[in-house]
S.K.: 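Next up is a structure, given as structure tokens.
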2 protein chains.
Amino acid sequence: MTIYDIAKKCNVSIATVSRVLNGSDRVSEKTRAKVLAAIKEQDYAPNPFARGLGLDSMKMVGVLCSDVADAFYAKAVSLIEHALQKHNFDVMLSCTGESNGKDIKALRYLMQKHVDAVIIIGTPFAVQGNAAALKKIAEQIPLVAINNNYKLPGTYSIICDEQAGMRNAVYALSNTGCRSILYLYDALTYSGRHKLNGYKQGVLELGLDTQPALTQKTPRTFEAVAAMIHRLLKQKVPFDAILASEDILAVAAQRIARRNNHGVPVIGCNNSIIAECATPTLTSLDNRLDRLCETAIKTIIQLMQSEAPALPSKTVFDANLIERESFQTHKQ
Amino acid sequence: MTIYDIAKKCNVSIATVSRVLNGSDRVSEKTRAKVLAAIKEQDYAPNPFARGLGLDSMKMVGVLCSDVADAFYAKAVSLIEHALQKHNFDVMLSCTGESNGKDIKALRYLMQKHVDAVIIIGTPFAVQGNAAALKKIAEQIPLVAINNNYKLPGTYSIICDEQAGMRNAVYALSNTGCRSILYLYDALTYSGRHKLNGYKQGVLELGLDTQPALTQKTPRTFEAVAAMIHRLLKQKVPFDAILASEDILAVAAQRIARRNNHGVPVIGCNNSIIAECATPTLTSLDNRLDRLCETAIKTIIQLMQSEAPALPSKTVFDANLIERESFQTHKQ
DNA sequence: TTGTATGCGTTATCAA
DNA sequence: TTGATAACGCATACAA
């Protein structure tokens with residue numbers, strides 16, 4: 001079934017069919033009705049490739065992240081897909097894996113597929129060394145980053161101020177009387193660096209314990225976290241609170257600490273479903289993923305309109321500390 | 001940059017460029033090298049729409065589920081995307097939401113986009129009433145279902161025998177001395193029905209307590225589960241074990257029960273990250289998502305080859321009970 | 001081994 | 001208000 005078939009059935013030209021297909025008003029009501037009827041009857045839909053070839057667009061946006069299996073990215077992709085659907089855009093999902101060597105290739109690949117825009121969630125590849133490539137891409141299609149700041153002309157970054165959020169978390173812990181806050185993280189991505197900085201800033205401002213052993217890098221597995229906590233306890237590193245860059249690290253550390261009779265206030269980050277599954281339920285820094293995604297879509301859509309307004313190259317939302325049992329129990 | 005530009009630069013015809021592009025061996029080494037050099041120098045990549053128009057394929061497979069934010073679907077999508085990437089297929093993600101009214105429309109939409117194949121994860125829409133449409137689609141492109149059984153000619157279903165798995169879980173609980181197993185579920189999807197059947201089967205076979213109050217439907221929220229458990233305890237419904245169709249329900253129920261001094265063995269299902277986050281860690285029925293996805297991809301790929309071999313319309317994997325603390329503590 | 005010519009199904013321009 | 005026709009960029013059958 002092609003536009004020719006419909007045209008033939010209606011005794012009109014393909015131009016006319018195309019016009020009703022695209023909602024032109026330069027068609028008489030009578031012909032429109034006739035064509036519409038035929039389209040419906042034949043269950044006809046225009047060939048997207050031919051359409052794409054002519055318009056250089058298939059109304060598709062590329063969504064890039066390191067791994068959708070991660071709860072944070074999954075939530076982001078879900079929000080994005082849902083929002084884009086409303087605007088009649090499809091999403092082409094591309095996961096880079098933990099940036100081994102695929103790197104920016106995935107983005108380049110997306111470009112070759114002529115997507116209409118790209119949303120990059122998190123830090124799927126290093127920006128430095130790829131700045132030129134990114135800039136060139138941004139000149140061709142809208143490029144928006146969630147939880148990363150590319151600082152490149154033509155790129156739009158939607159971020160949560162996790163640094164301030166983590167600093168506030170340190171203050172909150174300090175208010176419960178803690179002096180030695182153990183900080184756990186797994187990777188120094190853009191987000192990871194800022195969280196760590198927030199922790200350091202808070203600790204410094206409040207004159208808390210700054211010994212290096214209180215800042216620990218660990219893989220995101222229960223075993224690794226358990227081994228690390230055991231080691232710290234054995235070495236008598238005197239932590240009286242735990243702050244982590246990821247809920248999962250916080251949950252793991254909380255359990256091990258408590259099982260060793262070392263119950264302390266704990267705060268995680270991402271406010272994922274995991275936080276609610278822990279016992280005690282985990283206080284967590286909400287990085288407003290919903291707002292970030294909502295803004296990203298709004299930005300993308302506006303940029304894709306012919307007369308795009310000037311948009312902020314950087315949009316920042318505040319993080320929000322969601323207090324749950326892991327924290328409240330220890331409040332005075 | 002088009003194939004014409006490359007041809008001109010190399011003083012050859014577009015046919016020759018096309019040939020080296022598609023790895024034909026009917027090109028002299030000298031020309032091939034020349035063309036390849038030009039392609040690289042110009043960073044040229046064929047226009048996917050033009051290619052798609054000619055071949056009626058953009059090497060893209062549609063992946064359909066109700067919501068990627070769900071840990072189970074997220075994991076599945078991740079596995080699928082990863083595997084498809086290796087075969088140079090892209091994934092177009094489409095989420096239906098909790099089948100309100102969008103229904104099978106998403107699948108139809110995918111077809112209009114001329115995807116090369118479709119993978120349906122779980123139960124994004126009702127099969128009954130859509131059998132004809134599904135059959136027609138399956139005649140056109142490979143259609144494989146994960147954790148659903150369409151029983152339609154041309155469709156391929158990859159399933160985990162969760163019914164037997166749940167039955168075994170009941171046996172395992174019974175072995176710890178339980179007689180009244182509380183069963184929690186949230187929806188009677190294909191998977192949901194079979195899990196429930198497995199529970200019923202086990203209970204029946206073992207002559208365990210069958211009172212209706214032991215089978216509870218509840219939304220997937222902590223509040224709802226808490227309210228339900230409280231109600232059961234108040235009504236003195238005498239459950240001495242909990243089995244749930246989803247890890248999240250199990251985790252929620254386990255916590256409330258324990259807080260009311262009603263610690264019982266608990267088993268969830270999906271063996272998601274959530275199971276490890278609970279305290280005590282949750283015993284869970286692993287439905288072998290990795291195997292399911294691996295098989296789905298293998299099937300899809302084979303079906304898309306010109307000479308597709310005969311493949312089983314239904315492939316079944318056994319579920320696997322992963323024992324953790326929520327169960328072992330109660331073992332004799 | 002290489003080139004020519006046609007088809008793929010649209011959209012859009014121009015003329016009627 | 002309509003129709004004829006030229007792009008769009010590639011693959012491929014056929015000719016050389």
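Chain naming here is simple, since letters A, B, ... match the order of the sequence lines and numbering starts at 1 in each. Since the model is a prediction, treat every value here as computed from it, not as a measurement. Reckoned from all heavy atoms, side chains included, excluding hydrogens, waters and symmetry mates.
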S.K.: Take a 6.0 Å sphere around NZ of A:K135 and say whether it holds more than 12 heavy atoms from other residues, nucleotides or ligands.
M.R.: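 Not buried by this count: 12 neighbours or fewer within 6.0 Å.
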S.K.: Ignoring hydrogens and angles, tell me if any N or O in the side chain of B:E81 forms a donor-acceptor pair with the backbone of A:C95 under 3.5 Å.
M.R.: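 Yes; at least one donor-acceptor contact below 3.5 Å.
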S.K.: Please check this pair: side chain of B:T2 against backbone of B:Y4, looking for a donor-acceptor N/O pair closer than 3.5 Å.
M.R.: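 Indeed, once roles are kept as given, a pair shorter than 3.5 Å links the two residues.
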S.K.: Minimum heavy-atom separation for A:V316 to A:K314, with atom names?
M.R.: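 Heavy atoms of A:V316 and A:K314 come nearest at CG2-CE, 3.8 Å.
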S.K.: Give a yes/no on whether any side-chain N or O of B:Y4 is located under 4.0 angstrom from OP1 or OP2 of C:dG3.
M.R.: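 For C:dG3, OP1/OP2 do not have a side-chain N/O of B:Y4 under 4.0 Å.
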S.K.: Using atom types as modelled and distance alone, determine if a side-chain donor or acceptor of A:T299 lies under 3.5 Å from a backbone N or O of A:T295.
M.R.: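 Pair found, side chain donor or acceptor close to backbone of A:T295.
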S.K.: Which whole-number value in Å describes the distance from B:I3 CD1 to C:dA5 C1'?
M.R.: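 Whole-Å distance recorded here is 14 Å.
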S.K.: Base, sugar-phosphate alone, or nothing: which one does B:N11 contact when heavy atoms must sit under 4.0 Å apart?
M.R.: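 B:N11: backbone/sugar contact only, no base atoms under 4.0 Å.
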S.K.: Using the six-membered ring wherever Trp is involved, compare the ring planes of B:F49 and A:H114 and label them parallel, tilted or perpendicular (cut-offs 30° and 60°).
M.R.: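 If you compare the ring of B:F49 with that of A:H114, the planes turn out perpendicular.
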S.K.: Do you know the tightest heavy-atom contact between A:A117 and A:M304?
M.R.: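 Distance-wise, the nearest heavy atoms are CB-SD, 3.9 Å.
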S.K.: Under 4.0 Å from OP1 or OP2 of D:dG9: is there any side-chain N or O of B:T2 that close?
M.R.: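 No, because none of the side-chain N or O atoms of B:T2 sits under 4.0 Å from OP1 or OP2 of D:dG9.
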S.K.: Please list, in numerical order, the residues of residues 18-39 of chain B that have a heavy atom closer than 4.0 Å to any atom of DNA chain C.
M.R.: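 Listed by number, they are B:R19, B:R26, B:V27, B:S28, B:T31.
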S.K.: Find the distance A:K8:NZ to D:dG3:C1' and express it as a whole number of Å.
M.R.: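 Distance check: A:K8 NZ to D:dG3 C1' gives 15 Å.
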S.K.: I need the CG-P distance between A:N47 and C:dG9, as an integer number of Å.
M.R.: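 The distance from CG of A:N47 to P of C:dG9 comes to 6 Å, rounded to the nearest Å.
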S.K.: Could you state the atom-to-atom distance from NE2 of A:H114 to P of D:dG9 in whole Å?
M.R.: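 In whole Å, D:dG9 P lies 9 Å from A:H114 NE2.
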S.K.: For B:D90, is there an ion pair with A:K113 - N to carboxylate O distance below 4.0 angstrom?
M.R.: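 Salt bridge: yes.
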S.K.: I'd like to know whether B:E139 forms a salt bridge (Lys or Arg N to Asp or Glu O under 4.0 Å) with B:K136, so could you lay out the CA-CA distance, the side-chain angles of the two residues, the decisive distance to 0.1 Å, and finally the verdict.
M.R.: CA-CA 5 Å; B:E139 285 167 8; B:K136 215 170 102 190; over 6 Å; no
S.K.: The side chain of B:T16 is closest to which nucleotide in this list: D:dA11, C:dG3, C:dT10?
M.R.: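 The listed nucleotide nearest to B:T16's side chain is C:dG3.
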S.K.: Could you tell me how far apart A:I14 (CD1) and D:dT1 (P) are, to the nearest whole angstrom?
M.R.: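 Whole-Å distance recorded here is 20 Å.
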S.K.: Tell me which residues in residues 49-59 of chain A put a heavy atom below 4.0 Å from DNA chain D, sorted by number, or none.
M.R.: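 Contacts with DNA chain D under 4.0 Å: A:L53, A:G54.
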